Every structure is written in structure tokens, then in C-alpha cells.
Amino acid sequence: TVGCAVVDSNGFCAAATSTGGLMNKMTGRIGDSPLIGSGTYACDLCAVSCTGEGEAIIRSTLARDVAAVMEYKGLALQEAVDFCVKERLDEGFAGLIAVSKTGEVAYGFNCTGMFRGCATEDGFMEVGIWE
Amino acid sequence: MARWAITIHGGAGVDPKLPEQSQEEAKRVLARCLQIGVDALRAGSSALDVVEAVVRELETDPFFNSGRGSALTRRGTVEMEASIMDGRGRRCGAVSGVSTVKNPVSLARRVMENSPHSYLAFEGAEEFARDQGLETVDNSYFITEDNIGMLKLAKEANTILFDYRIPDTCSALAGADNHKNGMVMNGLPISIYAPE
């Protein structure tokens, strides 16, 4: 699974996710990536793209939950990401990336590593795999 | 003016034994795709255009599980899915079960912008792609030698893989007393998963 979350110079957010799914999956199986609110979500506050165990991400509506705890609990982006990865996945393993309308980037995962990269207008740029 | 920012991923759940060479290759692909997004944002592109362009690039590179290099079904075929969402107005589009569309994320965007729906799947999605004039290729374009090998390992281990870990030989859990002939998903007996 691959994904991207962006906030542009006008403060507008967008997210996209794309995948081949699970190796050795049944034909006809649908995972979290195409489900808005689970694998992908964007609103005026933030944009989120998730990856990992589809079934866990679907049950937790993981991408929407990041936006929801920002909206209703007033958490900042990284706090919201950490809360959702820690509290919402039950026994599932997943990771997610997110941006906020104020130009922050964040990510979180509870499994071994996540291929990721991020960059901000003030020059920060990072590519990583492990914790 | 707001400050732009971008983040990308190539999937979570990485085999701790991933060879150094593969790690470097992954970082090269990530850095290249990230730069495409940064350059577009510096040029003033919209968030929606940037996420589509970057995910297209990730789909086209065979290193990650999407587009070319997608995971294989138990039949050895590719069925891809994608979604896109514009925070401006919370518009969205999604596709599932596509097997000939070169860039599924672009089809998802067409669903959002040029159809009365937000989600199309399988034959309907394929038909819409042709109506929209999107590039389509034979399913074999998406299949890589690496993934044919991974599917073989997954079948031998009687498991379904959600990540890049190489399946161990028949997982001890696979022998666990669970129904569904010992099928394992994500290294756990499938019986622990509530029916999808």
C-alpha cells in the first residue's frame, strides 16, 4: 500500500491511498484503502492515509478518527495520530501518515517499521523505515 | 498564505530482516516521489493534484505494493484499489477490483469528478476507465517475479500476508486448532478475525 497526504499553500488538504491488497488474498476481497474514513480521509483540518491490516483499519475507521479527535478533543496532529494508533487498533497492526492545515506532518505505526517520507515548507525533509 | 507540507508512505509492517540493499532502494524511491511532491508544491500546485501525482509515481514504481508490483490474489492475479479525498468540500472517489487500469488513483479521482458516485468496483470501474480514456494495460504488467515468489511462499505457509514480512515456513500457528483448515492471516490464526 502507498499513500500521500498534503496541505498546499492555500491551507487546503488532500489525501490518496492505493494498494494491491494482501498477498494470497481471496479474489473479490476489498480492504481499507478504498474506504473513505478508514484508509483515506481529508477535511478542512487535516488529511490522513493509512496502511497495514485492512480489517483492523476498517473496524476502527482509523483515518476519520484522527480528524475526529482533532475536531472534538482538540488534540494537535501528532497527539491525534498517537492516540488513534495506540487506542483504536485493538490487536491490529497498522501505520498512518497525516498533515494538518497549519502545515504540520505526523506519522505513527504499531508494527515493525513503515516506509515513509515527509517534507515541510521550512526545509525539513525526512525519509525513514524504522522507529 | 499557509505553509505547505507533504507526507508519503510505502506501507507498514516491514520485515526486520529486510536486506540493507532493499532498504536503500526503498529510501531512494521514497525520496524521489517526495521530491516530485515538493517541487509541485513549490510551484503552487493544489493539494489534490499533488497527492494524485505522487501516488501515481508510487504506483508506477514496482518496489511498493500498488499498481505495478501489487500483491497477488490466491489465483496469481492483481486486483487493485485506491481512493482520494479533497479536504476542500470533503469530496471523494474510490475504486476497487481494478485489474487493467495503469494508475488506479487517477480512476478514483475521475469517479470523484466525472461520475455521480463516490465508489465504483470491478467491471463497472473498468468500464468507466475505458469511457474516461484512462490508460489500461494487460494484468501481467502489474505482476513481478518477486511477487510470484512471495505468493508461492505465502501458499506454502498457508498464510495471507498484509505486509512485507517474508512468511516463515509453515507457521506454528498454522497448526493451531482453528477452523478454516489452519489458514493464517498476518501471522495469526484466521479464526481470531471476526468475519470481515
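We use all heavy atoms of the structure for the numbers below, so side chains are in, but hydrogens, waters and symmetry mates are not. Given the structure is predicted, the values throughout are model-derived calculations rather than measurements. Reminder, nothing fancy here: chain letters follow the sequence lines and each chain counts from 1.
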[X] versus [Y], closest heavy-atom pair with distance:
X         : Y        : result
Trp130(A) : Val14(B) : CH2-CG1, 3.6 Å
Ala12(B)  : Ala94(A) : CB-C, 4.3 Å
Ala2(B)   : Asn10(A) : CB-C, 4.0 Å

- Around atom CD of Glu24(B), are there more than 12 heavy atoms of other residues, nucleotides or ligands at under 6.0 Å? yes

Determine whether [X] and [Y] fall in the same hydrophobic cluster, where Ile, Leu, Val, Met, Phe, Trp and Tyr are linked whenever their side-chain heavy atoms lie under 4.5 Å apart.
X         : Y         : result
Val7(A)   : Phe124(A) : yes
Leu62(A)  : Val81(A)  : yes
Val99(A)  : Met125(A) : no
Tyr141(B) : Val101(B) : yes
Ile97(A)  : Leu30(B)  : no

- CA sep, side-chain torsions, deciding dist, call: Leu72(B), Met23(A), side-chain contact (heavy atoms from CB on, under 4.5 Å): CA-CA 5 Å; Leu72(B) 305 181; Met23(A) 189 63 79; 4.0 Å; yes

Against chain B, work out which of [options] has the most heavy-atom pairs shorter than 4.5 Å and name it.
options                        : result
Gly95(A), Gly103(A), Gly117(A) : Gly117(A)
Thr19(A), Leu96(A), Val127(A)  : Thr19(A)
Cys4(A), Gly113(A), Ser100(A)  : Cys4(A)
Gly3(A), Ala16(A), Gly11(A)    : Gly3(A)

Select one option (side chain, backbone, both, neither) describing which atoms of [X] are under 4.5 Å from chain B's heavy atoms.
X         : answer
Thr102(A) : backbone
Tyr41(A)  : both
Cys46(A)  : neither
Asn110(A) : neither
Ile36(A)  : side chain
Ala5(A)   : both
Ala63(A)  : neither

- Query: Checking heavy atoms, do the side chain of Val54(B), its backbone, both or neither come under 4.5 Å from chain A?
  - Reply: side chain

- Query: Which residues in residues 33-50 of chain B have any heavy atom lying under 4.5 Å from a heavy atom of chain A?
  - Reply: Leu34(B), Gln35(B), Val38(B), Leu41(B), Ser45(B), Ser46(B), Ala47(B), Leu48(B), Val50(B)

- Item | Residues of residues 122-134 of chain B with any heavy atom under 4.5 Å of a heavy atom in chain A | Phe122(B)

- Message: A side-chain contact here means heavy atoms from C-beta on lying under 4.5 Å apart; do Val55(B) and Val2(A) qualify?
- Response: yes

- Heavy-atom side-chain proximity of Ile6(B) to Cys118(A) below 4.5 angstrom: no

Value rounded to 0.5 Å, distance of [atom1] in [X] from [atom2] in [Y]:
X         : Y         : atom1 : atom2 : result
Thr17(A)  : Ile84(B)  : OG1   : CD1   : 9.5 Å
Leu18(B)  : Thr112(A) : CG    : OG1   : 10.0 Å
Thr1(A)   : Glu81(B)  : OG1   : CD    : 8.0 Å
Arg116(A) : Ile8(B)   : CZ    : CD1   : 11.5 Å
Gln23(B)  : Phe115(A) : CD    : CZ    : 7.5 Å
Glu126(A) : Lys27(B)  : CD    : NZ    : 9.5 Å

Check whether [X] reaches the backbone of [Y] with its side chain - one donor and one acceptor, N or O, closer than 3.5 Å.
X         : Y        : value
Ser96(B)  : Pro34(A) : no
Glu121(A) : Ala5(B)  : no
Asp8(A)   : Trp4(B)  : no
Asp86(B)  : Ala14(A) : no

Among [options], who wins on heavy-atom pairs under 4.5 Å with chain A?
options                               : value
Arg3(B), Met80(B), His9(B), Lys155(B) : His9(B)
Asn147(B), Thr77(B), Val105(B)        : Asn147(B)
Ala26(B), Ser66(B), Ser70(B)          : Ser66(B)

- Task: Verify the distance criterion only: is there a donor paired with an acceptor across the side chains of Thr40(A) and Ser83(B) at less than 3.5 Å?
- Result: yes

- Task: Verify the distance criterion only: is there a donor paired with an acceptor across the side chains of Glu59(B) and Ser18(A) at less than 3.5 Å?
- Result: yes

- Of Arg75(B), Glu79(B), Arg74(B), which is the lone residue that meets side chain to side chain contact (heavy atoms under 4.5 Å, CB included) with Lys25(A)? Glu79(B)

